[in-house]
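These notes concern the structure reproduced below.
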Amino acid sequence: MKGAAAALACALAATAVLPSAPRADPARGAQLFQRCYACHSVVAGEDKLPGPNLRGVLGRRAGTLPGFRFSPAMIEAGAGGLVWNRQTLDAFLTDPERMVPGTEMGLPAGLPAPADRRDVIDYLEEAGR
Amino acid sequence: MRRWLIAVLVASTMGASAATAAEVSIRTYSVPAGGHPHDVAVGADGIVWYTAQRSGHLGRLDPSTGKVDLIALGAGAAPHGVIIGPDGAPWITEGGTNAIVRVDPQSREVRRWPLPEARGYANLNTLTFDKRGRVWFTGQNGIYGRLDPGTGDMQVWDAPRGRGPYGITTTPQGDVYYASLAGSHIARVDLDTGAATIIEPPTRDQGARRVWSDSKGRIWVSEWNSGNVSRYDPKANAWKTWRLPGEAPRTYAVYVDDRDQVWLSEWSANAVVRFDPEAEKFDVFPSDKKGSNVRQMLGRPGEVWAPESGADRLVVYRAK
């Protein structure tokens with residue numbers, strides 16, 4: 001938990017400018033979400049995928065979606081205070097294992113570009129409304 | 001960098017078997033940090049190739065020296081699967097750039113066969129050669145396909161239940177099967193028409209992740225959600241299922257060795273598990289690294305290789 005908390009603190013510091021950054025392109029985010037699509041959905045009720053449903057993920061405490069079996073690492077991170085918001089999602093999509101050591105989530109193709117991550121997060125935010 | 005380890009824990013459904021575990025030697029090889037090795041393949045010459053998914057490289061390990069070379073696969077690369085083709089070369093499902101890739105083992109030339117653009121991003125996963133020299137592959141976003149390297153002809157089909165196609169294998173008899181993780185089934189592919197026939201495992205929502213064949217053409221399935229390993233016998237059209245040891249196992253990888261011993265990776269125990277189908281007995285080999293995250297296994301007679309994606313190591317299990 002200490003590791004996750006430290007990583008979270010680093011991530012928040014590194015992304016502290018994000019809230020004032022201009023909103024990007026949710027439509028492009030939908031296209032980029034194809035890199036997440038194999039494991040995640042934003043469609044309500046689509047809950048038998050390898051990863052948790054991401055509809056309404058912003059504001060959710062990590063590791064707490066009812067009915068989904070999270071890794072012990074993700075549950076621990078949530079218990080330690082990790083809540084998904086624009087900053088924490090950005091940090092997680094940058095390097096999942098650095099943010100939550102032991103997470104089961106891989107990031108097959110990665111989202112190394114900040115603009116890509118911003119677009120995906122915009123898409124998730126839109127999908128949660 | 002190299003260490004000999006002794007298997008320290010043996011679990012069994014039918015009694016402990018420390019003597020059996022003691023017959024296995026384990027040797028680890030560190031690979032460049034940050035690569036997160038996903039899949040591994042060993043050639044007849046003993047050279048080991050692995051996909052450094054995070055850094056976008058193909059890795060080459062010479063186990064006799066421990067030397068590792070990295071071959072860059074280009075901008076945006078995030079390779080997932082690697083196998084050794086009938087030509088002795090490593091073949092890759094290159095998930096980052098949506099292409100099948102061959103790397104020449106001598107010149108290290110990288111040759112690419114991109115998927116048709118109209119197909120979009122497939123999230124390429126795993127590949128296997130049939131007995132006719134064609135390579136079959138899966139894409140988790142809901143496709144499977146076939147490439148004839150001789151002609152360059154590539155066919156891509158929609159998977160019957162959409163997203164999920166993951167592990168794929170060829171039996172000694174030449175049949176091709178794949179597993180659908182999100183679809184919780186396996187499928188047999190018609191080698192001529194490409195049609196996939198779904199075969200339902202007995203456990204509902206089991207999360208069939210990878211498949212491998214034993215010498216008799218029976219299909220072994222690692223079930224991520226259920227924590228089971230199951231076996232499909234095509235001749236009898238019959239299933240048999242075993243649950244791995246532990247309270248809440250997560251079965252990720254499966255590989256059947258030349259003696260028909262079934263090797264699995266189990267994430268809850270952070271371990272590699274060997275299953276003896278005759279004795280119905282499990283031997284558990286925990287990693288000495290936290291969160292080792294073995295996502296695939298592959299071998300050659302006498303040795304089984306496992307990439308520890310969470311520890312940046314390759315591990316080989318050998319019969320003493």
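Naming: A, B, ... by sequence-line order, numbering from 1 per chain. What you are looking at is a predicted structure, and each value in this text was computed from that prediction instead of being measured.
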Check: By number, which residues in residues 46-65 of chain A have some heavy atom less than 4.5 Å away from chain B?
Finding: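 A:E46, A:K48, A:L49, A:P50 fall under the 4.5 Å cut-off.
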Check: In terms of heavy-atom proximity below 4.5 Å to chain B, should A:Q34 be classed as side chain, backbone, both, or neither?
Finding: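 Contact with chain B is through both the backbone and side chain of A:Q34.
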Next item on the list: Counting only heavy atoms closer than 4.5 Å, note whether A:T103 contacts chain B via side chain, backbone, both or neither.
Entry: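 Just its backbone gets close to chain B.
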Check: What pairs with B:D39 under side-chain hydrogen bond (donor to acceptor under 3.5 Å, both in side chains), at least two apart in sequence or on another chain?
Finding: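 B:R210.
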Heavy-atom side-chain contact between [X] and [Y] under 4.5 Å:
| X | Y | result |
| --- | --- | --- |
| B:R54 | A:D95 | yes |
| B:Q140 | A:C39 | yes |
| B:N293 | A:E97 | yes |

Note to self: Holding to ring pair (Phe, Tyr, Trp, His ring centres under 6.0 Å), I want the full list of residues that pass it with B:W157, two or more places apart in sequence or in another chain.
What the structure shows: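 Once residues adjacent in sequence are excluded, the partners of B:W157 under the ring pair (Phe, Tyr, Trp, His ring centres under 6.0 Å) criterion are B:W136, B:Y144.
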Item checked: Side chain, backbone, both or neither of B:A248 within contact of chain A (heavy atoms, under 4.5 Å) ->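 Both parts, heavy atoms under 4.5 Å.
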Check: So which part of B:N125 gets closer than 4.5 Å to some heavy atom of chain A, the side chain, the backbone, both or neither?
Finding: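 Contact with chain A: none, neither part.
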Note to self: With side-chain contact (heavy atoms from CB on, under 4.5 Å) as the criterion, how do A:E104 and B:Y252 come out once you've worked through the C-alpha distance, each side chain's angles and the decisive distance to 0.1 Å?
What the structure shows: CA-CA 11 Å; A:E104 289 171 354; B:Y252 199 117; over 6 Å; no
Check: Sequence neighbours excluded, which residues qualify as side chain to side chain contact (heavy atoms under 4.5 Å, CB included) partners of B:A306?
Finding: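 B:A306 satisfies side chain to side chain contact (heavy atoms under 4.5 Å, CB included) with B:V272, B:V294, B:M297, B:Y317 only.
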